[in-house]
Amino acid sequence: MSDSVVTNTSAAVPEASGTPGSAAAPTFDQFGLAADILKAVTESGYTTPTPIQAQAIPVVLAGRDVMGAAQTGTGKTASFSLPIIQRLLPQANTSASPARHPVRALILTPTRELADQVAANVQAYSKHTPLRSTVVFGGVDMNPQSEALRRGVEVLIATPGRLLDHVQQKTLNLGQVQMLVLDEADRMLDMGFLPDLQRILNLLPKERQTLLFSATFSGEIKKLAATYLRNPQTIEVARSNSTATNVRQIVFEVHESDKSGAVAQLIRERNLKQVIVFCNSKIGASRLARVLERDGIIATAIHGDRTQGERMQALDAFKRGEIEALVATDVAARGLDIVELPAVINFDLPFSAEDYVHRIGRTGRAGASGDALSLCSANEKKQLADIEKLIKRPLEVETLTVTTPARREGGRRERDERPVRAERGEHRHAREESGSRRRATSFERSHARQQPVDEFFLKPYEPSPASVKRHDEAVEHERKAAPKQPLAALLGGLGMPRKTTSS
DNA sequence: AAAAAAC
């Protein structure tokens, strides 16, 4: 749930061991948090604060503004949620009157999924307190959100657009906000949220505590901080633009048209139980999910053209372990907390090197090891160079011989085995001798489910039973959330990109 | 060049 360090429960640290100044492992006791909060922390399975929690919690409790540089997976969410709850607790009351529950803490995030996840954390940490929290974001019915706001909440988690919508609808008043969190602030600026942020900030009392978290401290971020933060304490856990040393990063040079096959092959050969595959485009993500499904890998796509119901469904199913490959655009690059993901695959190298750092941050979480496997085609060399420059080291490059069927231009299929480094002249032979029988590779032999090639390309796509089930669930979910758009849900459920209204 | 986010 939270992005705190998950400690092995069988080796749980006794709570009493943490006396101040002792060499014992630190515990959450040291912060002076209320018993009701500590109880929830313990129930969540966390015993030892992460470095950012150890640094940020006392500073936030002291009421200071914070400029935090921390990636997700460092325990960032708890580092601001816990002290926010603590600071609001004295003002919490059990009255049913909405007027007694004004919004006192506002947490803004760039994506809907991240908002939902932060809200789940806040909910978990505050469950033994009278404090109320809720989350508002776009893509879903406003009415239940309006109703929750009308009843009153002390902690509100939101994406900027829908928040302003509620302000405009007069279902939300921000006049009593005492604490503001800008989570993934650099991402929000990247996404063009600056005007929205400025409008929101102008609605808030000047007298407040502001916490800004960002993966990088660009000039824009510094300017934002200089304008809206007061004498902030800088907290930096891992140097920005650095990648975790427990993540092994490998680049596979492949032909563009071999990429789908390469993904399936990497998943099988490395026996990856769960993996996020990042694509640069929404259409590419939908297409890859379909090809992987066809290849017997349970896969689903998550991107901005799918309905919110489908996005949530996909993420939940992935978290429950029902999906092997979550094929995503950069909507999932930041913030998503999925415990102990063994690997991420970059189907495309991201356009921005910083996004690479965020994408591979989805693996090797909380000290566990992980693999970041990137496919690089001939026209992505520039991106590779940019990444190596940003992380200040060259990446390991390996050869991958793709043996799965790969779609070719014009709908025809290339032969099975083709060296991927042909353009470098490192291949053994580009083509088999005609007439010579090639022995099946161990991969192919173990891959009995594979359909004959012609059949695959002649038959229309048929979703797997698992896919159909998920689709039906998504449609049902969508019907409940937004009864006006059954067609959109249906198209999205089949992995089809929906038409966007914007240009 | 692409993605994300309000109706």
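Reminder, nothing fancy here: chain letters follow the sequence lines and each chain counts from 1.
The interatomic distance linking A:Met191 (CE) with B:dA5 (C1') rounds to 5 Å, in whole Å. What separates CG of A:Asn346 from P of B:dA3 is a distance of 15 Å, to the nearest Å. Taking atom CG of A:Asp355 as the reference point, atom P of B:dA1 lies 16 Å away to the nearest angstrom. Between the CD atom of A:Glu113 and the P atom of B:dA4 there is a distance of 9 Å, rounded to whole Å. Atom NE2 of A:His303 and atom C1' of B:dA5 are 16 Å apart (whole Å). Rounded to whole angstrom, the span from the CG atom of A:Leu349 across to the C1' atom of B:dA1 amounts to 14 Å. Rounded to whole Å, atom P of B:dA3 lies 5 Å from atom NZ of A:Lys282. Taking atom CD1 of A:Ile283 as the reference point, atom C1' of B:dA3 lies 13 Å away to the nearest angstrom.
With a 6.0 Å cutoff to the six-membered ring centre and a 45° limit on the axis angle, A:Lys259 counts as a cation-pi contact of A:Phe347.
Salt bridge status for A:Glu324 with A:Lys273: absent, with no side-chain N to carboxylate O gap under 4.0 Å.
A:Arg112 comes within 4.0 angstrom of sugar-phosphate atoms only, judged by non-hydrogen atoms across all strands, and of no base. Residue contacts shown for A:Asn280 are limited to sugar-phosphate atoms, with no base heavy atom under 4.0 Å away.
Candidate nucleotides B:dA2, B:dA6, B:dA4 were compared by shortest atom distance to the side chain of A:Phe137, and B:dA6 ranks first. Proximity note for A:Thr159 (side chain, C-beta onward) versus B:dA6, B:dA4, B:dA1: the nearest is B:dA6.
Of the side-chain N and O atoms in A:Ser281, none sit less than 4.0 angstrom from OP1 or OP2 of B:dA1. Applying the 4.0 Å criterion to OP1 and OP2 of B:dA5, one finds that A:Arg311 has a side-chain N or O inside that range. When the side-chain nitrogen and oxygen atoms of A:Thr329 are compared with OP1 and OP2 of B:dA4, one or more of them lie within a distance under 4.0 Å.
Residues forming a salt bridge (Lys or Arg N to Asp or Glu O under 4.0 Å) with A:Asp116 (at least two apart in sequence, or on another chain): none. Legend: residues meeting side-chain contact (heavy atoms from CB on, under 4.5 Å) with A:Asp165, ordered by chain and number and at least two apart, are A:Met142, A:Arg162, A:Gln169.
Proximity of A:Tyr356 to A:Leu390: side-chain heavy atoms (C-beta onward) are nowhere separated by under 4.5 Å.
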